[in-house]
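Remember, it's 1-based here, ligands and their atoms both numbered in the order they're listed.
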Amino acid sequence: MGQPWKEAADVIRNRAGGAAPVLGITLGSGLGDLADEVADAVVIPFRDLPGFPASGVTGHAGALVVGDLRGTRVALLAGRAHYYEHGDAAVMATPVRTMAELGCGVLALSNAAGSTRATMGPGSIMAISDHINWSGRNPLIGHPDDSRFVDLSAAYDPDLRALLAEVAEAQGTKLHQGVYAWFSGPSFETPAEIRAISTLGADAVGMSTVPETILARHAGLRVVAASVITNFAAGMQAEPLSHEQTKRESARASANFRALFAGLAERLG
Ligand code: HPA
C-alpha cells in the first residue's frame, strides 16, 4: 500500500501555501456553510487529492478548504464519505491521515444525528463524550502492525470537550453531552433498534464520525466532536425519517453550530 496522504499533503501545501494548518475540521450533512467563514480560503476539490473519496451524498460538498478561521489556520473537509456509500469503513483514512501529515494536532468532527433522548430535540447540539460502534466495522481492520491496537478510553479529548463547553456557554448555546452510536446506514434504524441502543447507553445515533475518530486516534490526532440533532430517532417522532429532514434541520441549527466551531477555532489559535 502506498501513502497517498503524503502526496495529498504535498498538493495541499503547494496550492494553499502559507502556514501549516493546526486544526482539521469535518463538516456533517447540511453544516457546510462554516466554510464561508474561512478567510483567504483555498478550495481544493477532493478529486484533485490522491486517495480522497468522492462523496455522492447531497448536502456534502466534497472539497478541502484551507485558510484562516478566526485567526487559526484550518483545513476543513467540506463533505465526507460514509461507510454506506463505499462499503469501506476506512474510506476516510487518507483524508484523516492527510490532516496529521499537514501538522494538524486536533480534528474537530461534526455530524447530523438522531436523538434518543426526549429532552434533546431537533436543533440541539451535543458534544460527543464517547461512542458505541454498533456497526461491527472498524477502519483499522487489515492495518498491518501493532499500532492498530488503539486505546479509545478517552477518544473524545476531555480537555477539548471542556473547551467546547466553555465556548458554548460564552455564546449562550446549550451544549448537551452524550454518547453517539454508529449505525452503518443508509437505511435509518428501526424503533426496536433505537429502544435497544438507548437502553445500552446511546444518546444520539448516526452514520458517520466513529470511523474517523478511530482513524484520527490511530494517527495521533486529538479529537473533539459534536452532533447537530436533526430529529428524534425512529419511533420517537410522528414525521417519517428522511434525509430531507436531516438537511432541513441541520440547516436550521447551523448558525449555532457554525458559531461554536468558529469559537473553538479561535480558542485553539
Ligand atoms: N439516524 C441515523 N443517522 C441520522 C439520523 C438518524 O436518526 N438523523 C440524522 N442522521
Side-chain angles (χ1 to χ4, degrees), residues 26-34 55-62 77-89 91-92 108-137 139 156 175-214 225-258 260-261:
T26 299
L27 297 177
S29 290
L31 302 174
D33 67 358
L34 179 66
S55 175
V57 185
T58 59
H60 287 269
L77 294 163
R80 61 148 63 86
H82 303 79
Y83 171 71
Y84 63 71
E85 293 171 79
H86 302 266
D88 175 9
V91 66
M92 289 297 284
L109 300 164
S110 63
N111 59 54
S115 169
T116 68
R117 254 200 246 159
T119 52
M120 185 170 73
S124 302
I125 303 182
M126 185 190 90
I128 300 180
S129 57
D130 204 348
H131 75 225
I132 296 173
N133 182 351
W134 199 245
S135 73
R137 309 287 157 174
Y156 301 88
L175 184 67
H176 298 260
Q177 303 271 336
V179 173
Y180 174 92
W182 177 32
F183 282 78
S184 78
S187 59
F188 287 103
E189 301 73 31
T190 64
E193 286 165 346
I194 292 303
R195 284 193 299 276
I197 205 69
S198 172
T199 302
L200 293 176
D203 303 291
V205 294
M207 306 176 191
S208 68
T209 302
V210 167
E212 291 140 60
T213 296
I214 295 168
S227 293
V228 170
I229 301 300
T230 56
N231 55 280
F232 284 115
M236 296 175 64
Q237 64 171 32
E239 181 177 343
L241 300 188
S242 68
H243 192 53
E244 292 316 309
Q245 183 184 32
T246 299
K247 288 188 287 184
R248 184 185 76 224
E249 294 297 327
S250 62
R252 255 167 30 106
S254 81
N256 281 345
F257 163 76
R258 177 174 166 162
L260 186 65
F261 266 38

Original post:
Under a heavy-atom criterion of less than 4.0 Å, does F183 contact ligand 1?
Top reply: no
Subject >> Value rounded to 0.5 Å, distance of OG1 in T190 from CD1 in I197 >> reply: 11.0 Å
**OP:** Drop me the distance from S110's OG to L34's CG, to the nearest 0.5 angstrom.
**Re:** 8.0 Å
**OP:** Please check if atom CZ in R248 has more than 12 non-hydrogen atoms from other residues, nucleotides or ligands closer than 6.0 Å.
**Re:** yes
**OP:** With heavy atoms under 4.0 Å as the rule, classify the contact between T246 and ligand 1 as side chain, backbone, both or neither.
**Re:** side chain
Subject >> atom 8 (N) of ligand 1: nearest protein contact (heavy atom, Å) >> reply: N231 OD1, 2.7 Å
Subject >> Residue A113 vicinity, atoms of ligand 1 by number, heavy atom under 4.0 Å >> reply: 5 (C), 8 (N), 9 (C), 10 (N)
**OP:** Could you find the nearest protein heavy atom to atom 9 (C) of ligand 1 and give me its residue, atom name and distance?
**Re:** T230 OG1, 3.4 Å
**OP:** Take the angle between the ring planes of Y84 and H82 and call it parallel below 30°, perpendicular above 60°, tilted in between.
**Re:** parallel
**OP:** Identify which of S187, S115, G114, A233 has a heavy atom lying nearest to atom 5 (C) of ligand 1.
**Re:** G114
Original post:
Going by heavy atoms in the side chains, are L77 and M92 under 4.5 Å from each other?
Top reply: yes
**OP:** Note the single closest protein heavy atom to atom 3 (N) of ligand 1, along with its residue, its atom name and the distance in Å.
**Re:** G206 CA, 3.4 Å
Original post:
More than 12 foreign heavy atoms under 6.0 Å from CZ of R137: is that the case here?
Top reply: no
Original post:
Mind checking whether M236 and I194 have side chains closer than 4.5 Å, heavy atoms only?
Top reply: yes
Original post:
How far is atom 1 (N) of ligand 1 from its nearest protein heavy atom, and which residue and atom is that?
Top reply: E189 OE1, 2.8 Å
Subject >> Nearest-neighbour protein heavy atom for atom 10 (N) of ligand 1, which is reported as residue plus atom name and distance >> reply: A112 O, 3.3 Å
